[in-house]
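These notes are about the structure you will find just below.
Here is how names work: the chains are called A, B, and so on, in the same order as the sequence lines, proteins then strands, and each is numbered from 1.
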Amino acid sequence: MPTPRLSPGEFQKRLLAWFDQHGRHDLPWQSPRTPYRVWVSEIMLQQTQVATVIDYFNRFMARFPTLDALARAPQDEVLHLWTGLGYYARARNLHKAAQVALAEHGGELPVESEEALIALPGIGRSTAGAIIAQSTGKRAVILDGNVKRSLTRLHAVPGWPGRPAVERKLWSLADYYTPAKRLADYTQAMMDFGATLCKRGQPACVACPFSDVCLAFAHGEVQHYPESKPKKALPTRQTFMLLLQDAKGRVWLEQRPPSGLWGGLWSLPQFDTQQALDDWVAMHTVAPQHEPARPVFTHTFSHFRLEISPQPVVCTTLTGVRENGVWYDLNDPPELGLAAPVKRLLTQAHAEARTFDLENAPGHA
DNA sequence: AAAGCGGGGGG
DNA sequence: CCCCCAGCTTT
């Protein structure tokens with residue numbers, strides 16, 4: 001346990017005073033505050049902000065007013081009501097958990113047992129704590145992203161909260177400050193405090209009831225907490241892109257498979273090696289002429305770097321009909337979705353073609 | 001364009 | 001213990 005900044009009693013007193021004045025007291029799941037309604041709200045609130053959740057929650061409750069109704073509904077309907085919220089595994093887990101509760105817990109959420117709650121799909125330690133505290137008022141601890149942020153600042157806890165050692169420390173702090181009474185209010189207060197005052201971007205430290213004891217604030221380093229996830233070096237992959245142009249200067253594009261990287265977008269034919277590209281050209285084109293390779297350039301994705309080697313080739317036509325492709329006219333471009341680096345290459349090719357035309361135009365010096 | 005987000009799952 | 005993933009929002 002790091003040095004306490006405040007006694008639990010003093011912390012709770014200040015937090016609840018702030019909550020009474022500035023917290024959220026009229027959220028749809030706060031009345032009536034049943035285990036089922038609190039549960040659904042907590043699942044929706046994972047990775048999603050309150051303002052977004054409210055409408056989804058109300059629609060969901062109108063269609064599935066009880067755990068029983070949810071358990072007996074077809075999964076398609078559950079997913080339909082989740083459309084737009086994202087992270088659809090949450091909806092599948094929620095649905096599955098409702099069926100488990102119906103079969104194994106008499107149609108009720110097992111809110112008397114944190115362990116039983118955590119055993120349900122989609123409910124981890126923090127969500128279980130939130131459900132218990134909010135729906136039963138019994139003592140339970142939460143540690144969501146808001147609470148993590150507030151506590152790392154208050155105690156200037158170093159390290160990325162995703163690391164187990166840091167997370168253990170934060171759980172112990174969260175437990176230390178948690179009261180035995182007014183659990184629903186306290187839990188909501190912790191979440192509201194992080195969401196509306198101790199925000200990630202511009203925390204309102206001037207209005208904060210803990211600014212006199214906050215270590216990060218004292219050091220003028222509020223924005224340094226919590227530390228961010230260490231970013232790892234991105235792996236690099238290579239690809240060879242065939243920039244195939246016909247006699248009219250049109251470029252051959254092929255549509256990507258519907259899912260995965262650049263799913264459904266149009267791209268130049270791609271190959272893992274120069275040899276594979278050459279083989280394809282030899283096999284599928286008529287009178288190909290390789291031009292000097294263009295400079296290699298890099299496109300960065302969230303999880304890897306792609307080194308692209310563009311190989312221009314001019315041919316008279318393709319052999320055989322290729323159904324997943326089009327000849328893309330640079331001067332009259334069809335409205336296709338293009339992968340970003342492909343768009344860049346096509347723009348270059350177009351600019352060069354125009355330069356060529358100008359230089360060779362009649363009357364040009 | 002990048003970071004953040006709770007839980008699940010695999011190595 | 002580590003890493004990755006899902007999808008949308010905020011920065």
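Taking atom NZ of Lys199(A) as the reference point, atom P of dA3(B) lies 21 Å away to the nearest angstrom. Atom NZ of Lys148(A) is separated from atom P of dG7(B) by 8 Å (rounded to the nearest Å). The CG atom of Leu45(A) sits 17 Å away from the P atom of dC8(C) (whole-angstrom rounding). Taking atom CG of Asn93(A) as the reference point, atom C1' of dG6(B) lies 11 Å away to the nearest angstrom. Note: CD (Glu167(A)) to P (dC2(C)) measures 12 Å, nearest angstrom. Nucleotide dT10(C) holds its P atom 13 Å from the CG atom of Asn146(A), rounded to whole Å. The distance between atom CH2 of Trp82(A) and atom P of dG7(C), rounded to the nearest whole Å, is 12 Å. If you measure from atom CH2 of Trp171(A) to atom C1' of dG7(B), you get 12 Å, rounded to the nearest angstrom.
For residues 111-135 of chain A, every residue pair satisfying the salt bridge (Lys or Arg N to Asp or Glu O under 4.0 Å) rule, not counting sequence neighbours, is listed here: Glu112(A)-Lys138(A).
Of all the residues in residues 110-131 of chain A, not one reaches under 4.0 Å from DNA chain C with any non-hydrogen atom.
Between Gln49(A) and Leu45(A), the closest heavy-atom pair is C-CD2, 4.2 Å. The minimum heavy-atom distance between Tyr225(A) and Ala216(A), with the atom names listed, is CD1-CB, 3.6 Å. Closest heavy-atom contact between Cys208(A) and Leu197(A): CB-CD2, 3.6 Å. Of all heavy-atom pairs spanning Asn324(A) and Trp266(A), the tightest one is O-CZ3, 3.6 Å. His95(A) and Ala73(A) get closest at one heavy-atom pair: NE2-O, 2.7 Å. Across Tyr87(A) and Gln47(A), no two heavy atoms sit closer than the pair CE1-CG, 3.9 Å.
Residue whose closest nucleotide on DNA chain C sits further toward the 5' end, between Gln202(A) and Ala89(A): Ala89(A). In this structure, Arg168(A) and Thr52(A) both approach DNA chain C, and ranking their closest nucleotides by distance from the 5' end singles out Arg168(A).
In this model, the phosphate group of dC5(C) is not approached by any side-chain N or O of Tyr87(A) to a distance below 4.0 Å at OP1 or OP2. Applying the 4.0 Å criterion to OP1 and OP2 of dT10(C), one finds that Gln49(A) has a side-chain N or O inside that range.
With both ends at atom P, the span from dG8(B) to dT9(C) equals 23 Å, rounded to whole Å.
Other residues, nucleotides and ligands contribute at most 12 non-hydrogen atoms within 6.0 Å of the CG atom of Asp272(A).
In this structure, the ring of His25(A) has its center less than 6.0 angstrom from the ring center of Phe19(A).
Closest to the side chain of Arg149(A), from the set dC5(B), dC1(C), dG7(B), is dC5(B). Considering only side-chain atoms of Tyr88(A), the nucleotide from dC8(C), dG7(B), dA3(B) that sits closest is dC8(C).
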Q. So what's the dot-bracket for DNA chain B: Watson-Crick or G-U pairs under 3.5 Å, [ ] if a pair crosses, | if it pairs off-strand?
A. |||||.|||||

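At the heavy-atom level, Ala91(A) lies nowhere under 4.0 Å from the strands shown.
Relative to the six-membered ring of Phe210(A), Arg5(A) misses at least one condition, a distance below 6.0 Å or an angle of at most 45° to the axis.
Looking at Gln46(A), its side chain has no donor and acceptor atom pair within 3.5 Å of the base of dG7(B).
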